[in-house]
Number of protein chains: 2
Amino acid sequence: MTHQTVRDWDRALVPTGAGRTAAPDPACPVEAALEAVRGRWTTLVIRELLHGPRGYREFRRTLPALSDKVLTERLAQLTALGLAERVETSGFPTRVVYRLTARGEALRPLMTELYRTGTELLTTPAR
Amino acid sequence: MTHQTVRDWDRALVPTGAGRTAAPDPACPVEAALEAVRGRWTTLVIRELLHGPRGYREFRRTLPALSDKVLTERLAQLTALGLAERVETSGFPTRVVYRLTARGEALRPLMTELYRTGTELLTTPAR
DNA sequence: CCGCATCCGATTGGATACTG
DNA sequence: CAGTATCCAATCGGATGCGG
């Protein structure tokens, strides 16, 4: 067996070179995924969007303690990442909704896994 | 069909009451999972630990840009959450290693999923 | 109805120097 | 070797007030 730059355990855990970073790097898949759910309230906003399109005031209703500023920031963040989009209906009165893009739907398995892992952590005592 | 407090989509996405929070809450599984991977360099330290036990200087070698301060913080954080443990061998010279606990091993599927989702996000164009 | 602008206190993490 | 301690700049997020 010849020398290999990539060891077996390395391949299993980080299949591509992008995962073997020596420092935080936006090109690392793990960083990219975390970027999408980063910040307080972000996963809550995503959860709402996973339930379906939502108007601004619907967020304010289901997440009462979320301020205008942070909500605006989160929607801008998700929009900038191409995970959600702002849709303005052409009727009257004009209605604005935010909805997940196909890209945003890619977060569903991650959210499920976060939920599953978190449940495991919460149910198994730390010590 | 009678009225239900919990709708079907709700059950699928957030199986238990803990997932239907109206604000950020440590008791929410998603928050609990994110707490474990929170902070710059954290997933990199976890990745190293998923490869096996590591000494302090091994971290400094494989993650050269990681400062003493943050490394210490991350190891303390993971230890406090019961995800890693500090093991001091009784031989001479004394050797110190950090290794994942059984609880910490629970993060492996999450790391894999973060990697998978991130790869999907990086390979599908935002627009 | 759907936000944006500003202020400000708290948290974060990098740089640097020091210790058992 | 295996960390601590201190300082500081940047980021984050809550409160409040304004605007199309």
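First the proteins, then the strands, lettered A, B, ... as listed; each starts at 1.
- With rounding to whole Å, B:Y56 atom OH is found 16 Å from C:dG20 atom P.
- The phosphate of D:dG3 has neither OP1 nor OP2 within less than 4.0 Å of any side-chain N or O from B:R60.
- Computed from coordinates, the B:E35 CD to C:dT12 C1' distance equals 14 Å when rounded to whole Å.
- Counting only heavy atoms from C-beta on, A:T72 has its side chain closest to C:dG3 among C:dG3, D:dG14, C:dG13.
- Contact annotation: B:R57 does not reach the phosphate of D:dG3 (side-chain N/O to OP1 or OP2, under 4.0 Å).
- Listed pair B:R86 / D:dG3 meets the phosphate criterion, a side-chain N or O lying under 4.0 Å from OP1 or OP2.
- A close approach under 4.0 Å does occur between a side-chain nitrogen or oxygen of A:R38 and OP1 or OP2 of D:dC12.
- Expressed to the nearest 0.5 Å, how far CG of B:L114 lies from CD of A:E113 amounts to 8.5 Å.
- Nearest-nucleotide assignment on DNA chain C puts the 5′-proximal partner with A:E73, out of A:E73 and A:P24.
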Could you go through A:R95 and A:T89, starting from their C-alpha distance and side-chain angles, then the distance that decides it, and tell me whether this counts as side-chain hydrogen bond (donor to acceptor under 3.5 Å, both in side chains)? CA-CA 5 Å; A:R95 173 153 168 78; A:T89 66; over 6 Å; no
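- Taking both residues in full, the closest heavy atoms of B:L107 and B:A36 are given as CD2-CB, 4.0 Å, listed atom of the first, atom of the second, then distance.
- For the pair A:F59 CZ and C:dC1 C1', the computed distance is 15 Å after rounding to whole Å.
- Residues A:L71 and A:R60 share a closest heavy-atom pair of CD2-CD, 3.4 Å.
- Rounded to whole Å, atom C1' of C:dT12 lies 12 Å from atom CD of B:Q77.
- If you check the side chains of A:T62 and A:E58, you find no donor sitting under 3.5 Å from an acceptor.
- Per the geometry, CG belonging to B:L66 stands 13 Å off P belonging to D:dG3, to the nearest Å.
- Map B:D68 and A:Y98 each onto its nearest nucleotide of DNA chain C; the residue landing nearer the 5' end is A:Y98.
- In this structure, A:G39 reaches the sugar-phosphate backbone alone: every heavy-atom distance under 4.0 Å involves primed, P, OP1 or OP2 atoms, never a base.
- When the nucleotides D:dT4, C:dG13, D:dA15 are ranked by their closest atom to the side chain of A:K69, D:dA15 comes out on top.
- Within 4.0 Å of A:S67, counting heavy atoms only, lies no atom of the nucleic acid at all.
- Set against D:dA2, C:dC2, D:dG14, the side chain of A:V96 has C:dC2 as its closest nucleotide.
- Rounded to an integer number of Å, the gap from A:R95 CZ to C:dC2 P is 7 Å.
- Phosphate contact (OP1/OP2 of D:dG14, side-chain N/O of A:W41, threshold under 4.0 Å): present.
- For B:R103 and B:E105, the salt-bridge test fails: no basic side-chain N is under 4.0 Å from an acidic carboxylate O.
- In this entry the distance linking CZ of B:R61 with P of D:dG3 reads 16 Å, nearest Å.
- Computed from coordinates, the A:L71 CG to D:dG13 P distance equals 13 Å when rounded to whole Å.
- Closest to the B:R74 side chain, of the nucleotides C:dG13, C:dC4, D:dG13, is C:dG13.
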